[in-house]
Structures are given as structure tokens and as C-alpha cells.
Protein chains: 2
Amino acid sequence: MIIAMTEIKPSADSCESHQQSSRPYHHGDLRKELLCAAREMLEDGTIASMSLRAVAKKVGVSHTAPYRHFKDKEELLAGIAAIGFNRLTARMAAAVAAHPGDPAGQMQEAGYQYVKLALENPPCVQLMFGDILPCDDTYPELKQAGEEAFNGLKTIIVEGQSLGVFKPGDIELLALTTWSGIHGLTLLLVGGNLPDILSKDIDNRDITFAVTSAMLDGLMAPPSTS
Amino acid sequence: MIIAMTEIKPSADSCESHQQSSRPYHHGDLRKELLCAAREMLEDGTIASMSLRAVAKKVGVSHTAPYRHFKDKEELLAGIAAIGFNRLTARMAAAVAAHPGDPAGQMQEAGYQYVKLALENPPCVQLMFGDILPCDDTYPELKQAGEEAFNGLKTIIVEGQSLGVFKPGDIELLALTTWSGIHGLTLLLVGGNLPDILSKDIDNRDITFAVTSAMLDGLMAPPSTS
DNA sequence: ACCTGAACACCGTTCAAGT
DNA sequence: ACCTGAACACCGTTCAAGT
């Protein structure tokens, strides 16, 4: 069964203040606070440099308190990755809404949103796709969040096909192809693996649009009509 | 200046035995042995689980000995990543040689070689592209190895254009597009992010060829001639 | 030159104990 | 229920000392 793309959670893009406030012992929602603080720490640093102990200290609890809410450091990381997928899904839906009836435009915009999100928090992307977390049923929330994001992409392709803008063909395969292209570009940009390759004055939006265009049109020359 | 793709080193695909042998104090080439042992440890485990101390123990030296040969754990990791790029370059060159005069076939084969190499040692790919190591001039050997691999791809595109098989257009951009597609597919496969998406009986070779075909042909429907 | 052992400041995780 | 502090087995890294 394919999971339908249901409602898009607003997924509050910001976090409450997590300074150690009034209550000396009981926090309002320590789980969320830890998740949020960890996400922030990830933004400037690596996954390895984000220690559970440091997160606990930032929130103002002892270094063993997180174990009341997460079995593991891994479980915390899985929570962060799930948030990442939810945000991606939300932005893709917004991209679709912004270009009604224009699947190619939707695809370009969705790709750019993907790139932008990734650049805001590269280590989070690493968490979502870097083979760090298990993709099986260990973290159902994570798995479902990932599938919802993929379904968002498939929706664009299905609409493109029904409008006759995209070629007919296996949806899963076409979705995988476009996902691969955008995903690969994103990771190359995030990883900084494109240093001298690109002209200096071209920005990420232009690069993303250029690459998605090339992907949509294909590389092969049209059959000669001679 | 673009660095030309020079000679392909055979880059011995296997390692010498690294059991602690005769010499009690001085090793023949401890640097290489450490690199090799670390690469092997990476194959079954994660980057985090591969500790410098464990590598040293496996080779049979004290846990501080590696510091005679590597400034850092990071420097060791950079050495492993460079080896990965060299192997990729070599396999791409072999893919080109296997399909003379057929750029599309070269591209498909190169893509498959990329996928295959990645699946043999996923954490190594993470090291090569996962934003873990700096891409600047900190590790010149690593940087050059990466550029050589990218040049191998560009070579295919240049030949394809001159034969009229591929569209004309900016080479860097087309190379980036195909690299992104293959790179993204590889990481999705390595990361296990494609669990229920794919039919169970289709193997990686078929998937890779299908995706690269879709990339070469593009997704857009041909302009209607009505 | 090359390697060792002790030492330091960090981890993640467990567990008995406190509120 | 929720949190703490001590304790354990690990890290990476430094440094004086050994061959």
C-alpha cells in the first residue's frame, strides 16, 4: 500500500527558547527541547561533534536526563532526521502550490527548495540520507516521514504525465531518476565538492535550475532528421 | 587551469597481509599498513566505529604510533578517501575502454562501476562525498584525486559531443548534471533509502541502467507535432 | 627516526539513589 | 515519572621517555 500524502504539518520552523528557566526539576517538554537544541548544535558543527552531553548541558539538565526520553543517541538523531523530512515535504508542497498546472516549474522549484533546506543544515541532510540511521522499521516515524517526502515528488510526476508534459513511463523509476539528480546535486553542493568547477558568480538557484533543466530535457541529441 | 587526466595508476586493489610479523619495532611501511587496515575496518562498520586505537591494535602497534605518520585521525581518513577516488578513476577509464565509440554506453557502464564501488565500501563513499573532510587545499592529494575522477566523466561528455551523440552545451554543466544523477542514485542505494520503492527482483545493474537511460533521454515529452 | 606508556579531557551508557 | 551523580569502558591527542 502506498501511503497517501496527507496533511502538511506547519512544523513550526523555529524553536522555543531553551534556556534553563524557572522550574528547577521538571521541564515542560524536555524531549522537544532536546531535539531542538540538538538540531541547532548540528547547524554549526558535525554529527560527531554534537555530543549528547553537550546538548543536555545546553538545555540545562544533567547528562543522563536525555535517557528518559531517548533510548540512545541514535534515537535522538532519528528524531532530528524525521523533522528534516517533514520540513522537506512541507516545502515541496509549497513549491507545487506556487506553480499550479506547471509540473516542470514545480520540479525546478522543489529541487531548489531541497537544495536550500540542505544548505541551511548540512549535517541534518547527512542524517537523513547518509546511511547513518537504519531505514527499516526501527524508527517508524522516520520511515514514514521519508516516504511522505518521496510521495511528494511522485505527485509532481503523476500530474506531469496526466497533463502530457512528461513522458509516460514507470512512475517509481522516473521519480527515482529525478530524485537522484536533485539529491546528488544537493549533496555535491553541501559537500563543497564543486569548488573550481563552477564559475564564481553563479549562485545556487541558477545552478539548480540549470541542472534540473538539463535533466528534464535529457542529454541525447535529437535523432537527426536527415 | 584544468588538470589533464593523466596516467591511470593500477592502484593495487588488494592489500598486503598486515598481521604483526617478524620485526618487533620497525614496520616496513606502517603508513600504508594503517591506511589499508583502516579501509578494511571501514568495510564492516561506520566511520565513527573505526577508531584510531583499534586500527593500531589490528596492525600490531601501540595506539600512539599512527601519529608518526598522520597528524590526525582526519588525515588518515583523507588518505582513505584519496584511494577511493583513485579507484573510481581507474574503473571509469576501464568503462570507457570497454565501449569504444559509444559515449552513451560508456556513461552507463561508468555509472554502474560507480554504484558497484560504492556498495563495496559505503563508508568510504561517505568519506569521499559526505562533507566530512575539507575540500580545500588541506589535503592536496585528496583534492587532486577528486578532480581526476571528475575529469574522467568530462572526457566521456566531450567525446559524446564531438561524435554528435550528445547535445552541444556547457561541458561543466552537463558533467555536473550526469554526475549529480549517478551520485544521487549511488547514495540512495548505499543508504538503503529505497526499500519498498523498487521491485524486489530488479538488481542494481538494471536500476542503474534504467536511471541513466532516463537521464540521457530526459523526462520531457517531445513537442507535439500536431 | 620510530615507537611506547602514562596521562588528560572528553565521550556514551548504566545504575542506584534522590524529589 | 522524572532527574541526578558516581562509575565504567571507551575515545583522540599530547608528551616525556625508551630503542
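Chain naming here is simple, since letters A, B, ... match the order of the sequence lines and numbering starts at 1 in each.
- Shown here are the salt bridge (Lys or Arg N to Asp or Glu O under 4.0 Å) partners of Arg31(A), two or more places apart in sequence or in another chain: there are none.
- The distance from atom NE2 of His69(A) to atom P of dC2(D) is 6 Å, rounded to the nearest whole Å.
- The nearest whole Å value for the distance from the CG atom in Leu30(B) to the C1' atom in dT4(C) is 13 Å.
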Exercise. How does each nucleotide of nucleotides 6-16 of chain D score, in 5' to 3' order, for protein heavy atoms under 4.0 Å: base (B), sugar-phosphate only (S), or none (-)?
Worked result: BB---BBBB--
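- In terms of the salt bridge (Lys or Arg N to Asp or Glu O under 4.0 Å) criterion, residue partners of Arg205(A) (sequence neighbours excluded) are, by chain and number, Glu109(A).
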Exercise. Given the rule that a pair is Watson-Crick or G-U wobble with both distances under 3.5 Å, how would you write DNA chain C in dot-bracket, using | for pairs to a different strand?
Worked result: ||.|||||...|||||.||
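- Under the side-chain contact (heavy atoms from CB on, under 4.5 Å) criterion, Ala97(B) pairs with no residue at all, not counting sequence neighbours.
- Here salt bridge (Lys or Arg N to Asp or Glu O under 4.0 Å) pairs that include residues 176-194 of chain B, with residues two or more places apart or in two chains, number zero.
- A search for salt bridge (Lys or Arg N to Asp or Glu O under 4.0 Å) contacts involving Asp137(B) returns Lys143(B), not counting sequence neighbours.
- Checked options Glu148(B), Glu141(B), Glu147(B); the residue passing with Gln144(B) is Glu148(B) (criterion: side-chain hydrogen bond (donor to acceptor under 3.5 Å, both in side chains)).
- Within the structure, ring-ring contact (aromatic ring centres under 6.0 Å, His included) contacts touching residues 54-92 of chain A (residues at least two apart or in different chains) are Phe85(A)-Phe129(A).
- Taking the side-chain contact (heavy atoms from CB on, under 4.5 Å) definition, one finds that Glu74(B) meets it with Asp72(B), Leu133(B), Pro134(B), Tyr139(B), sequence neighbours left out.
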